[in-house]
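Just so it is clear, the values below take in all heavy atoms, side chains as well, and ignore hydrogens, waters and symmetry mates. Please read these numbers as outputs of a predicted model, since none were measured by experiment.
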Amino acid sequence: MCIAAPAHVIEINREDNLLVADFGGAKQQAKLDLLPEVEVGDYVLIHAGYAIEKLSEEAAKESLDAWEELLDFLEEEDMEMEKAREEFLQSID
């Protein structure tokens with residue numbers, strides 16, 4: 001399963017019909033075939049190498065906040081699992 005993620009458009013190459021988008025520091029190219037009107041500074045959803053939907057800044061912020069919350073939760077879960085693993089390994093020594 002693939003998930004479309006919001007990204008901030010930082011560069012557009014009309015000649016090659018591509019954009020460069022920033023995902024919190026990670027950059028990715030995407031095709032503009034479905035959204036030729038996108039401009040630098042816009043927020044878009046990218047899926048399977050294509051910009052598929054233009055987002056308002058408010059919608060992008062809400063989505064990015066939700067992603068951040070999910071990633072924080074997953075990181076916390078990972079730390080708890082690592083702690084439990086270490087405690088288990090200490091108990092069998």
Side-chain angles (χ1 to χ4, degrees):
M1 177 173 93
C2 294
I3 298 173
H8 189 228
V9 178
I10 59 172
E11 185 180 321
I12 292 181
N13 180 333
R14 298 278 181 207
E15 186 175 305
D16 294 331
N17 204 34
L18 293 172
L19 64 78
V20 176
D22 178 33
F23 290 91
K27 293 180 178 58
Q28 177 183 348
Q29 285 189 338
K31 294 183 181 184
L32 286 168
D33 296 5
L34 304 173
L35 297 175
E37 74 283 357
V38 168
E39 299 292 335
V40 170
D42 288 343
Y43 287 88
V44 294
L45 287 179
I46 294 180
H47 177 72
Y50 287 84
I52 61 169
E53 183 178 346
K54 184 176 171 180
L55 300 173
S56 69
E57 190 169 342
E58 182 180 333
K61 182 174 177 2
E62 288 174 9
S63 182
L64 291 168
D65 288 346
W67 275 101
E68 187 67 32
E69 188 176 320
L70 174 62
L71 293 173
D72 288 347
F73 173 79
L74 293 173
E75 185 176 335
E76 188 175 307
E77 287 290 306
D78 283 348
M79 289 186 331
E80 288 179 17
M81 290 292 289
E82 182 61 25
K83 181 180 176 185
R85 179 184 163 284
E86 288 175 8
E87 288 173 355
F88 171 75
L89 290 175
Q90 288 177 356
S91 73
I92 61 173
D93 280 339

* **M81 side, atom CE; D78 side, atom CG - distance, nearest 0.5 Å** => 8.5 Å

* **Gap separating the CG atom of L34 from the CD atom of E53, nearest 0.5 angstrom** => 11.0 Å

* **Side-chain heavy atoms of L18 within contact of E11, under 4.5 Å** => no

* Heavy-atom neighbours of E37 CD exceed 12 at 6.0 Å -> yes

* Write down the atom of I12, the atom of V40, and the distance for their closest heavy-atom approach. => CD1-N, 3.5 Å

* Do the side chains of P6 and W67 get nearer than 4.5 Å, heavy atoms only? -> yes

* Do you reckon L32 sits in the same ILVMFWY cluster as V20, going by side-chain contacts under 4.5 Å, direct or chained? -> no

* Are Y43 and I10 grouped together when hydrophobic residues (ILVMFWY) are joined by side-chain heavy atoms under 4.5 angstrom apart? -> no

* What are the two closest heavy atoms between L19 and A51, and how far apart are they? -> CD2-CB, 3.8 Å

* **Distance, nearest 0.5 Å, that separates NZ of K83 from CE of M79** => 10.0 Å

* Same hydrophobic cluster for L45 and L71, using side-chain heavy-atom links shorter than 4.5 Å among ILVMFWY? -> no

* **Backbone N/O of G41 and side chain of H8: donor-acceptor pair under 3.5 Å** => yes

* Asked: Picking from E68, K61, E69, E62, what satisfies side chain to side chain contact (heavy atoms under 4.5 Å, CB included) with D65?
  -> K61

* **Residue Q28 excluded, over 12 heavy atoms near CD under 6.0 Å** => yes

* Please assess R85 against E82 for the test salt bridge (Lys or Arg N to Asp or Glu O under 4.0 Å), listing each intermediate value before the final yes or no. => CA-CA 5 Å; R85 179 184 163 284; E82 182 61 25; 3.3 Å; yes

